[in-house]
2 protein chains.
Amino acid sequence: MRMRPEGDRADLMLARLGESGLKLTPQRIAIVRELADDSSHPTAQELFDRLAPAMPTMSFATVYNTLDALARCNLIEARALAPGATRFDPNVEPHHHAVCDRCGCVADVAPRPRSTSVDASLPDGFAVRAVEQIFRGTCQRCRDADGGD
Amino acid sequence: MRMRPEGDRADLMLARLGESGLKLTPQRIAIVRELADDSSHPTAQELFDRLAPAMPTMSFATVYNTLDALARCNLIEARALAPGATRFDPNVEPHHHAVCDRCGCVADVAPRPRSTSVDASLPDGFAVRAVEQIFRGTCQRCRDADGGD
DNA sequence: CTTGCACATGAGAACCTTTCTAAGTAGAAG
DNA sequence: CTTCTACTTAGAAAGGTTCTCATGTGCAAG
């Protein structure tokens with residue numbers, strides 16, 4: 001994974017969306033641009049709130065429809081990292097997550113080379129597609145806040 | 001982890017609940033007995049449905065309150081293994097999960113000895129409390145069904 | 001140009017999951 | 001018996017997600 005100039009990933013996602021036979025409507029373009037370079041793992045509500053000022057008539061249905069279409073094209077992944085709202089991740093390369101118990105923030109964690117080897121005692125006949133790791137704990141900010149107030 | 005005679009784990013959980021100053025009401029006893037020896041990771045709804053025939057007046061609030069109390073006492077854990085309803089797990093020893101993409105069933109996976117060593121590139125200052133692993137894929141049943149129909 | 005069609009959108013309803021509230025109940029303490 | 005506290009209940013309310021359906025838009029066919 002290397003650095004990309006801004007907008008590059010959004011353009012790539014839009015191109016792939018188009019190739020899949022989906023129309024590049026203003027709403028879809030706005031959602032893709034909002035999400036493409038965002039590593040904060042936003043919820044549908046958060047995306048909607050950010051887009052609302054620029055597109056006041058957009059509805060939740062469109063946000064969910066677009067996120068669903070992006071997920072089908074393997075351009076984003078929907079993640080259940082904690083109870084509550086689903087989070088959407090534009091990073092589809094294998095990687096893991098650190099989730100703060102207190103504030104709920106999510107950070108990407110690079111995979112370890114060996115973490116793909118599956119020698120765990122899986123159920124008989126279970127065909128593994130992916131291995132997800134979630135590191136639960138407390139982020140720097142929350143630890144600081146804890147000591148401070 | 002070793003085999004336990006039936007009811008043993010339920011009794012242990014009830015004893016601990018009592019020690020925590022909580023009353024052992026019929027509702028709580030029923031919920032604990034239903035959950036204690038169940039490794040299917042049921043949702044609140046599933047528990048409610050199973051208990052309803054025996055306790056027709058019980059409400060969801062009681063199910064959630066009890067699950068919350070059990071979680072606070074570290075007798076169960078609430079898990080977000082997929083988008084949708086939270087699942088409740090009576091196994092509080094460190095372990096991982098295999099989740100079927102198709103039917104959503106969940107099976108426990110014994111932890112690997114080395115899997116607790118955290119040499120991943122975590123965010124600066126992140127204090128790890130626990131490492132969760134989720135193996136995503138397809139269970140035997142769904143693979144068989146796929147070939148069969 | 002007009003018509004028809006397939007696809008998208010928008011607004012709100014509907015649905016599911018979870019939490020909250022108000023009122024009632026049971027049991028222990030005095 | 002009275003009082004106090006904890007618990008339960010039913011339903012309302014609050015999030016999150018999906019569905020419905022009328023409307024709109026762009027394109028292809030006629």
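In what follows, chains are A, B, ... by sequence order, proteins preceding strands, each numbered from 1.
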**Message:** What residues from residues 16-29 of chain A pass a heavy-atom cutoff of under 4.0 Å to DNA chain D?
**Reply:** none

**Request:** Please test A:H41 against A:N91 for side chain to side chain donor-acceptor pair (under 3.5 Å), starting from the C-alpha separation and ending with a verdict.
**Result:** CA-CA 9 Å; A:H41 306 73; A:N91 182 354; over 6 Å; no

**Asked** For B:T43, which contact category applies under a 4.0 Å heavy-atom criterion: base, sugar-phosphate, or nothing?
**Response** nothing

**Complete:** With a 4.0 Å cut-off (strictly under) to non-hydrogen atoms of chain B, the first and last hit nts on DNA chain C, 5' to 3', are C:dT17 to C:dC20

**Message:** If you take any heavy atom closer than 4.0 Å to DNA chain D, which residues from residues 76-83 of chain B end up in contact?
**Reply:** none

**Prompt:** For A:K23, does its backbone N or O pair with a side-chain atom of A:R28 as donor and acceptor, under 3.5 Å?
**Reply:** yes

**Complete:** Residues of residues 54-69 of chain B with a heavy atom under 4.0 Å from any atom of DNA chain D, listed by number, are B:T57, B:M58, B:S59, B:A61, B:T62

**Asked** Is the shortest distance from a Lys or Arg side-chain nitrogen in B:R16 or B:D11 to a carboxylate oxygen in the other one below 4.0 Å?
**Response** no

**Request:** Look at the side chain of B:R87 and the backbone N and O of B:V106, then say whether any donor-acceptor pair between them is shorter than 3.5 Å.
**Result:** no

**Request:** State plainly whether one hydrophobic cluster holds both B:V99 and B:V109, where clusters connect Ile, Leu, Val, Met, Phe, Trp and Tyr through side-chain heavy atoms under 4.5 angstrom apart.
**Result:** no

**Asked** Who passes salt bridge (Lys or Arg N to Asp or Glu O under 4.0 Å) against B:R136, sequence neighbours left out?
**Response** A:E132

**Minimum heavy-atom distance A:R79-A:D89, with the two atoms named** = NE-OD2, 2.9 Å

**Prompt:** Linking Ile, Leu, Val, Met, Phe, Trp and Tyr by side-chain heavy atoms under 4.5 Å, what else ends up with B:L51?
**Reply:** B:M13, B:L14, B:L17, B:L22, B:L24, B:I29, B:I31, B:V32, B:L35, B:L47, B:F48, B:M55, B:M58, B:F60, B:V63, B:Y64, B:L67, B:L70, B:L75, B:I76, B:F88

